[in-house]
Asker: 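After the structure tokens below, expect a handful of questions from me.
In this text, all values refer to a predicted model and were calculated from it rather than measured experimentally. We're numbering straight along the sequence, starting at 1.
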Amino acid sequence: SLTDYCLLPTAICLLISALCLVPPGRRARAHDGAKEPALLEVGGDAKTDKEPAAPSELKVVSYNIRYRAGDDLKQLIKLLKEDPEIGGAHVIGLQEVDRNKRRTGNVNTARQLADGLGMRYAWAAPPDTDGDGEEETGCALLSVFPLTDAVRILLTHEGPDGRRRVAV
């Protein structure tokens, strides 16, 4: 259900924010040397050049969206905005985020979420292993803070059914 979520402990939240909210100045790049710039995308709300003030508490939410689309995605955006417990997070970590997949209407899910929440995003996916020409399912970070120097890291250990995994 949409209420299945995980709030990360404070220490992990600080570690994630330190890794994700890095100083500005460089473009996104593939960490593994792959020539697949399409499998790393950074974008989102850039309406202001002013960085938001540092909050007294950092709210981080991690959620496996399991390739949601359409009305389910709209409902998730509403939940991430308005829910008393998880709404208004500063950083959101997402798993199973599709881009250009038939099952999710060939849309850019990370961009839709970021636009709906007024956040910035970094999305990454492993190489296309099934050869269908569709983008892979990946992970995404959404943030109210600028995301710069984002790096796609191809993880060394395979996931279920031998699938490759990535981190941002």
Side-chain angles (χ1 to χ4, degrees), residues 1-32 37-100 104 107-125 135 137-155 165-168:
S1 82
L2 288 176
T3 56
D4 293 335
Y5 59 87
C6 174
L7 295 175
L8 299 174
T10 303
I12 294 174
C13 295
L14 294 174
L15 176 62
I16 289 172
S17 65
L19 293 172
C20 302
L21 306 174
V22 294
R26 295 196 185 112
R27 295 172 18 162
R29 63 195 184 281
H31 178 71
D32 59 1
L39 296 180
L40 175 64
E41 180 178 327
V42 180
D45 188 5
K47 294 177 187 164
T48 179
D49 291 332
K50 185 179 177 188
E51 277 190 45
S56 60
E57 292 183 13
L58 181 67
K59 188 175 196 177
V60 178
V61 171
S62 176
Y63 186 70
N64 184 331
I65 69 169
R66 198 171 191 284
Y67 38 84
R68 295 192 187 281
D71 288 340
D72 281 346
L73 195 61
K74 289 175 187 172
Q75 187 178 4
L76 177 59
I77 290 169
K78 183 177 175 161
L79 178 72
L80 290 169
K81 276 185 179 179
E82 300 173 3
D83 184 82
E85 205 167 355
I86 65 169
H90 298 99
V91 177
I92 302 171
L94 300 170
Q95 304 83 44
E96 296 193 61
V97 182
D98 280 353
R99 182 178 76 168
N100 195 30
T104 48
V107 298
N108 185 327
T109 307
R111 184 182 306 148
Q112 274 191 320
L113 282 163
D115 289 349
L117 295 168
M119 299 177 88
R120 295 158 178 97
Y121 71 95
W123 171 90
E135 295 287 347
T137 301
C139 62
L141 281 174
L142 281 64
S143 173
V144 298
F145 305 102
L147 292 171
T148 57
D149 290 339
V151 176
R152 172 182 168 261
I153 302 169
L154 190 57
L155 301 177
R165 294 181 174 215
V166 296
V168 173

Asker: Can you list the residues that meet the side chain to side chain contact (heavy atoms under 4.5 Å, CB included) rule with Val144, with sequence neighbours excluded?
Answerer: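 Applying side chain to side chain contact (heavy atoms under 4.5 Å, CB included) to Val144 gives His90, Met119.
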
Asker: Within this structure, what is the OG1-CH2 distance for the pair Thr137 and Trp123, rounded to the nearest 0.5 Å?
Answerer: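 It is 8.0 Å, given to the nearest 0.5 Å.
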
Asker: Report the C-alpha distance between Thr109 and Val107 in whole Å, list the side-chain angles of each, state the deciding distance to 0.1 Å, and finish with yes or no for side-chain contact (heavy atoms from CB on, under 4.5 Å).
Answerer: CA-CA 6 Å; Thr109 307; Val107 298; 4.1 Å; yes

Asker: Check Ala122 against Leu147 and note the closest heavy-atom contact, atom names and distance.
Answerer: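 Result for this residue pair: N-CD1, 3.7 Å.
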
Asker: Return the CD1 to CG distance between Ile65 and Asp98, rounded to the nearest 0.5 Å.
Answerer: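 Between Ile65 CD1 and Asp98 CG, I get 7.5 Å after rounding to 0.5 Å.
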
Asker: Which heavy atom of Leu40 sits nearest to which heavy atom of Arg152, and what is that distance?
Answerer: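 It is CD2-N, 3.8 Å.
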
Asker: Can you name the nearest heavy-atom pair linking Leu141 to Gly93, along with the distance?
Answerer: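 Nearest heavy atoms, Leu141 then Gly93: CD2-CA, 4.0 Å.
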
Asker: Closest heavy-atom contact between Val168 and Ala124?
Answerer: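 Scanning both residues completely, I find the closest heavy atoms to be CG2-CB, 3.5 Å.
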
Asker: Please check this pair: side chain of Lys59 against backbone of Gly87, looking for a donor-acceptor N/O pair closer than 3.5 Å.
Answerer: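 Looks like yes, one N/O pair under 3.5 Å.
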
Asker: So which atom in Ala140 and which in Ala110 form the shortest heavy-atom distance, rounded to 0.1 Å?
Answerer: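 Looking at all heavy atoms of both residues, the shortest contact is CB-CB, 4.2 Å.
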
Asker: What's the verdict on side-chain contact (heavy atoms from CB on, under 4.5 Å) for Arg165 and Cys139, showing C-alpha distance, side-chain angles and the deciding distance?
Answerer: CA-CA 9 Å; Arg165 294 181 174 215; Cys139 62; over 6 Å; no

Asker: Nearest heavy-atom pair of Tyr121 and Ala114: which atoms, and what distance?
Answerer: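 Closest heavy-atom pair between Tyr121 and Ala114: CD2-CB, 3.5 Å.
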
Asker: Nearest 0.5 Å, please: how far is CG in Leu80 from OH in Tyr63?
Answerer: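 Going from the OH atom of Tyr63 to the CG atom of Leu80 covers 8.0 Å.
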
Asker: With rounding to the nearest 0.5 angstrom, report the CZ to OG1 distance, Arg66 to Thr104.
Answerer: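 Those atoms lie 12.5 Å apart.
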
Asker: Look up atom CZ in Arg99 and atom CZ in Arg111, then write down how far apart they are to the nearest 0.5 Å.
Answerer: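 Reported value, rounded in 0.5 Å steps: 8.0 Å.
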
